[in-house]
Structure formats: C-alpha cells, structure tokens
Amino acid sequence: PDEPITRPANLVAAADGQIEQLELLRGNCVVSIGQAVKKGELLVSGLYDSSVYPYRYTRASGEQELS
C-alpha cells in the first residue's frame, strides 16, 4: 500500500546514474548536478535542521533525471 503523503520520507535514486537535473519540490537536497549516484542513494532528505525546533520533518519530493 502507498504511504500517506503526510508521512515524513526521503527521496532516493531509482537507479544508478549521474544527476542531470533535479527539481526539488520539498526537502533538503544533498546531491548536485553532475554527481554520480547509486540506486537507493539519498538525494533529498526529509529532515531539516531548524532554529526554532531541533529538527523538522517533511516528505521529500522532487523529480529526478538520471543519465
């Protein structure tokens, strides 16, 4: 079953490749354009460091294009 979209989550690479484009919708990006990644590697974290609260969680979201 699909997880609710409100549940915190990370965005990971769907396949081995190189990041050609990354459109971040929500979360903390941890990769850069041109970077090589492996399947399952973290691309966007759903964990934020916050000045108000120790941490803030979100459901990372974006579009990835691997070559």
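Side chains included, hydrogens not; waters and symmetry mates left out as well; all remaining heavy atoms used.
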* To do: I would like to know whether Asn28 and Val44 meet side chain to side chain contact (heavy atoms under 4.5 Å, CB included); could you show each step before the answer?
  => CA-CA 5 Å; Asn28 184 24; Val44 182; 5.5 Å; no
* Structure fact -> CD (Glu41) and CG (Leu11) are apart, to the nearest 0.5 Å, by 12.0 Å
* Side-chain heavy-atom pair Leu43, Ile19 within 4.5 angstrom cut-off -> yes
* Measure across Leu47 and Ser45 and return the closest heavy-atom pair with its distance rounded to 0.1 Å. => N-OG, 3.0 Å
Please tabulate, for the side chains in residues 29-39, all donor-acceptor contacts under 3.5 angstrom to protein atoms that are two or more places apart in sequence or on a different chain.
unit_1	atom_1	unit_2	atom_2	d
Gln35	OE1	Ser32	N	3.1

